[in-house]
Amino acid sequence: MIKLLVTGAKGQLGSDLKDLANNIPDIKFTFIDLDELDIANSDKTNNYFTSNTFNYLINCAAYTAVDQAETDEENAFKVNALAVKNLITGIQASQTKLIHISTDYVFRGDHNSPYPEDFPTDPQSNYGKSKLAGEEEALRYSNSMIIRTSWLYSSYGHNFVKSILKKGQENEELKVVSDQLGSPTYSGHLAKAIMQIIKSDMKKDISFTPGIFHFTNMGVCSWYDFALKIKEYTNLPCRIQAVPTKHYPLPAKRPAYSVLSKEKIISTYKLNIPGWEEGLRDCLKRLNP
Ligand SMILES: NC(=O)c1ccc[n+]([C@@H]2O[C@H](COP(=O)([O-])OP(=O)(O)OC[C@H]3O[C@@H](n4cnc5c(N)ncnc54)[C@H](OP(=O)(O)O)[C@@H]3O)[C@@H](O)[C@H]2O)c1
């Protein structure tokens, strides 16, 4: 039986993968999170892999508190970079295939057309720097596939969609930035794409291809457009006002343009990626079936 480990299993993506696992009987899934194993701890991680081996590892564990990372650089690097090194040390003897998740924040964010995978990186925040360092660790291992994604949200955890739904009930007006462009990604769709990639490899249909890939939902919008769509789909009673980023200062710099090109993952794995509006509808259905 094929064995697959998911780290960061209680996060957004990990939880959506767990939902899919129930319908995939030919894979034995193991889901772990910080309470079972701190992957930033080298000894514990090494010990774990001496008694547990896997065919695939999906690393969804991360330090994702983008603003907090500006004053907590050490822990961001521990979880986003050192932990990747620890995982690879643990899995290399069994040649486990690693799918590691990364981010659009590795780019400078001031380009004006979708970033291909080989576009020069230049992260502007500690979070982005720590994620890039994690990519560099992953690329040292020949069985690593890195999937960069952006604007991830889910029916699980804390995210923009859930925050707009909550604040839109509590306030008459919300101010949302309109000068940052990107592609929202429903983590349920990313989870499906990852499992399609693994199943294609298992069937020897399309083999696992190491290297960097980009995955988001299709289409481009601003956070303001995204908020308007949430309001439209849920009949939120509040008004939504567009504001520039400079009116909403945050500790970590956000990319103004973070659209990732999906051409490589689509052509390699024959994926059919839904648009961001469909992602939003699917997420809202899960929140309010
Ligand atoms: N969220 C976004 O907008 C976004 C955008 C682009 C890319 N990404 C990337 O997508 C991936 C999945 O993100 P997500 O939103 O699903 O993340 P998430 O919801 O924050 O989940 C991450 C999980 O990792 C766990 N974790 C943290 N430190 C750990 C450690 N030392 N050992 C083991 N587990 C640990 C967390 O536990 P605790 O909660 O207890 O800390 C949490 O359950 C990440 O690689 C992230 O960088 C996210």
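Along the sequence shown, the residues carry numbers beginning at 1. Counting convention: from 1, in listed order, for ligands and their atoms alike.
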Looking only at distances, can you tell me whether any N or O atom of [X], backbone or side chain, sits closer than 3.5 Å to an N or O atom of ligand 1?
X   : answer
Q12 : yes
T64 : yes
D33 : yes

So is [X] touching ligand 1 or not, going by heavy atoms under 4.0 Å?
X    : answer
D35  : no
T149 : yes
S102 : yes
Y127 : yes

Please step through side chain to side chain donor-acceptor pair (under 3.5 Å) for the pair N217 and T185, ending with a clear verdict. CA-CA 5 Å; N217 278 119; T185 306; 5.0 Å; no
Quick check against the 3.5 Å criterion: does K264 have a side-chain atom that pairs as donor or acceptor with the backbone of I212?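 Answer holds: yes.
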Atom 39 (O) of ligand 1 touched by protein (heavy atom, under 4.0 Å):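 No, there is no protein heavy atom closer to it than 4.0 Å.
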Starting from atom 34 (N) of ligand 1, what is the nearest protein heavy atom, named by residue and atom, and what distance separates them?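 Nearest neighbour among protein heavy atoms for atom 34 (N) of ligand 1, to 0.1 Å: L34 N, 3.5 Å.
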Could you tell me, atom by atom, which parts of ligand 1 come under 4.0 Å of a heavy atom of C60?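 Numbered from 1, ligand 1 contributes 12 (C), 22 (C).
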Sequence-distant partners of F226, ring-ring contact (aromatic ring centres under 6.0 Å, His included), two or more places apart: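 If we apply the ring-ring contact (aromatic ring centres under 6.0 Å, His included) test to F226, skipping adjacent residues, the hits are Y153, F160, W276.
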Quick one: which of L260, I147, L152, N41 has a heavy atom closest to atom 2 (C) of ligand 1?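 Going through L260, I147, L152, N41 one by one, L152 has the nearest heavy atom to atom 2 (C) of ligand 1.
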Taking only residues two or more places apart in sequence, or in another chain, which ones meet D72 in a side-chain hydrogen bond (donor to acceptor under 3.5 Å, both in side chains)?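 Y63, N75.
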